[in-house]
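Reading through the structure tokens given below for one structure.
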Number of protein chains: 2
Amino acid sequence: MKVGRDKIAIGPKPSAYHHGDLRRALLASAEMVLAERGVEGFTLRECARRAGVSHAAPAHHFGDVTGLLTALAALGFETLIAAMQEARAGIEDPTERLRAIGRGYVAFARDYPERFQLTFDWHRLNHEDPALRAAGGAAFEELETAIRLVAGMPDEPLEGDLLADLVHTWSLVHGFSHLLLSGQLDHTGTGERVITDLLEGVIARVRVSAHSGARKRSDKGM
Amino acid sequence: MKVGRDKIAIGPKPSAYHHGDLRRALLASAEMVLAERGVEGFTLRECARRAGVSHAAPAHHFGDVTGLLTALAALGFETLIAAMQEARAGIEDPTERLRAIGRGYVAFARDYPERFQLTFDWHRLNHEDPALRAAGGAAFEELETAIRLVAGMPDEPLEGDLLADLVHTWSLVHGFSHLLLSGQLDHTGTGERVITDLLEGVIARVRVSAHSGARKRSDKGM
DNA sequence: TCCTGCATCTTGACATTGGCAAGAAAGGAG
DNA sequence: CTCCTTTCTTGCCAATGTCAAGATGCAGGA
């Protein structure tokens with residue numbers, strides 16, 4: 001009976017001691033477990049099993065299950081960013097760019113529902129973790145840049161109405177993705193292609209905000 | 001011997017057999033556990049403990065943990081509906097009504113974050129459960145009615161652009177609530193009061209949809 | 001009255017989990 | 001070679017969800 005680690009021919013390391021790259025191997029198996037069993041079915045011991053190490057090995061690299069999930073969530077943010085960047089690749093027109101980014105966001109939720117859920121979970125994640133915060137900020141900036149381009153002000157930071165438009169956009173694509181995954185949109189018979197149409201409203205609003213004072217018109221009731 | 005509801009005064013508990021209203025008692029303790037320990041920290045045995053019964057008692061009423069959580073999620077939908085109805089109570093103007101409902105939605109997420117998470121979870125819930133489907137449909141109808149009133153067509157079913165506006169509204173308030181709870185909106189410095197402002201964009205759009213053909217203008221690209 | 005059927009609840013067991021403590025293995029520094 | 005640190009293993013613990021078997025109280029029929 002073969003006991004060797006035959007994951008992807010990990011390398012010339014028959015001994016499990018000093019694996020060499022156990023952290024990365026654990027993250028890889030953790031992504032598999034997450035995709036297969038979901039966030040609820042995720043267990044540390046299963047990750048260790050797939051990495052070919054003992055059940056207590058992950059503790060040394062990630063502390064506890066929260067540490068491993070937090071590292072996974074940070075990777076999830078990076079996957080989300082990659083999905084948005086891939087969707088907008090080669091598109092010059094700012095409006096088309098924003099539409100593509102929205103589609104990329106929803107596509108990420110559709111293709112990696114478990115990672116989407118984990119990434120935006122507010123339990124079991126260490127929100128003080130620098131890597132997680134950095135990844136979340138980078139995802140935020142991807143959207144912010146797109147809005148700035150639509151508004152025609154690529155350099156200045158967003159304020160006032162344009163900041164509200166950014167929050168509007170993010171809430172829209174995020175809520176749409178979440179409702180889609182939770183099956184609630186079945187009530188409406190709405191498919192995921194609709195996100196492009198929904199973004200039209202926000203795009204029109206960004207144009208209005210940009211043309212009418214932009215940075216100052218924030219005295220409506222905030 | 002009286003078998004009445006003595007949940008609060010635990011005192012007269014001579015026999016745990018034939019509790020009389022164990023299902024309701026378990027739901028009550030389950031809500032407490034959910035609120036205190038969150039969705040992850042939720043355990044069947046803790047619910048049974050607080051209800052004063054053995055660890056296997058819940059199985060007979062809810063089957064497994066999924067059954068209990070599904071029943072809880074249905075109650076969560078009803079709480080959400082109650083929050084929206086309470087927020088719009090006494091408001092006649094359709095636009096103000098929609099704003100109030102949006103605030104009620106976000107307030108529900110803020111006040112009952114665990115229930116919000118559970119209700120829209122797509123794991124561990126039996127989405128075929130009739131009670132859950134009915135509760136979700138009722139919450140959906142609360143929003144649909146509000147949109148119909150803003151559009152000025154309280155009787156006809158929503159189609160085309162107005163249906164898209166409904167999905168837009170729901171996605172917006174839901175995504176905003178979710179991002180708020182997950183702490184991602186900290187990047188923007190945006191508080192929860194902003195939801196009223198965000199709804200302005202949708203309201204304007206509903207008016208446009210209602211005035212320009214309403215039920216026919218769905219040939220944009222859907 | 002007694003007795004039998006039945007729904008309800010308890011008890012006990014089992015496999016699995018996360019976390020901790022102690023020990024073993026590998027590799028480097030002196 | 002010896003010692004020390006890092007890395008991983010082994011063994012253990014309490015807790016969990018689920019199942020099987022038993023205990024308990026109620027209702028209905030003789």
Side-chain angles (χ1 to χ4, degrees), chain A residues 3-5 7 10-30 33-34 36-72 118 123-126, chain B residues 1-7 10 12-30 33-34 36-72 118 123-126:
Chain A
V3 197
R5 96 205 50 276
K7 288 199 313 94
I10 245 345
K13 277 289 185 154
S15 165
Y17 282 85
H18 298 77
H19 180 288
D21 206 359
L22 184 53
R23 182 185 168 91
R24 198 178 307 268
L26 281 173
L27 281 175
S29 45
V33 174
L34 183 70
E36 285 182 22
R37 319 222 173 162
V39 186
E40 338 291 339
F42 184 89
T43 64
L44 266 183
R45 288 170 111 102
E46 178 65 24
C47 297
R49 230 169 280 143
R50 302 207 186 191
V53 293
S54 78
H55 64 263
H60 199 276
H61 289 272
F62 299 97
D64 53 357
V65 64
T66 298
L68 179 50
L69 287 179
T70 300
L72 263 189
L118 172 66
H123 296 104
R124 305 206 288 189
L125 257 52
N126 178 19
Chain B
M1 176 180 319
K2 194 156 165 266
V3 203
R5 181 139 346 189
D6 41 16
K7 289 195 301 113
I10 290 293
K13 203 199 66 171
S15 163
Y17 281 87
H18 297 76
H19 179 287
D21 206 0
L22 184 55
R23 182 187 168 88
R24 199 179 306 269
L26 280 174
L27 281 175
S29 46
V33 175
L34 183 69
E36 286 181 22
R37 319 223 174 164
V39 186
E40 337 295 337
F42 184 89
T43 65
L44 267 184
R45 287 170 113 103
E46 178 65 22
C47 297
R49 232 170 277 142
R50 303 209 186 188
V53 293
S54 78
H55 63 265
H60 199 277
H61 290 272
F62 299 97
D64 53 357
V65 64
T66 298
L68 179 50
L69 287 179
T70 300
L72 263 189
L118 173 65
H123 294 105
R124 305 206 289 192
L125 258 49
N126 178 19

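If you're wondering where the values come from, they're calculated on a predicted model, not measured in any experiment. Proteins come first, then strands; the chains are lettered A, B, ... in the order of their sequence lines, and each starts at number 1.
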Interatomic distance, [X] atom [atom1] to [Y] atom [atom2] [nearest 0.5 angstrom]:
X: Glu36(A); Y: Glu46(A); atom1: CD; atom2: CD; value: 8.0 Å
X: Leu27(B); Y: Leu68(B); atom1: CG; atom2: CG; value: 6.0 Å
X: Phe62(A); Y: Leu72(A); atom1: CZ; atom2: CG; value: 7.5 Å

(request) Report the nucleotide, chosen from dG19(C), dT10(C), dT10(D), that has the shortest atom-to-atom distance to any side-chain atom of Ser54(A). (result) dT10(D)
[X] [atom1] to [N] [atom2]: how many Å, rounded?
X: Leu22(A); N: dA25(C); atom1: CG; atom2: C1'; result: 15 Å
X: Arg49(B); N: dA15(D); atom1: CZ; atom2: C1'; result: 8 Å
X: His55(B); N: dA20(D); atom1: NE2; atom2: C1'; result: 11 Å
X: Phe62(B); N: dC9(C); atom1: CZ; atom2: P; result: 11 Å
X: Arg37(B); N: dA15(D); atom1: CZ; atom2: P; result: 11 Å
X: Leu44(A); N: dC20(C); atom1: CG; atom2: C1'; result: 14 Å
X: Glu40(A); N: dG17(D); atom1: CD; atom2: C1'; result: 15 Å

(request) Take Glu46(A) and Ala56(A), find for each the nucleotide of DNA chain C with the closest heavy atom, and name the residue whose nucleotide sits nearer the 5' end. (result) Glu46(A)
(request) Verify the neighbour count for atom CZ of Arg24(A): are there more than 12 heavy atoms of other residues, nucleotides or ligands below 6.0 Å? (result) no
(message) Here's a test of your reading of the structure: between Ala57(A) and Arg45(A), which maps to the more 5' nucleotide of DNA chain D?
(response) Ala57(A)
(request) Please determine if a side-chain N or O atom of His60(B) lies less than 4.0 Å away from the OP1 or OP2 oxygen of dC9(C). (result) no
(message) If the cut-off is 4.0 Å, is His61(A) near the phosphate of dT6(D), judged by side-chain N/O to OP1 or OP2?
(response) no
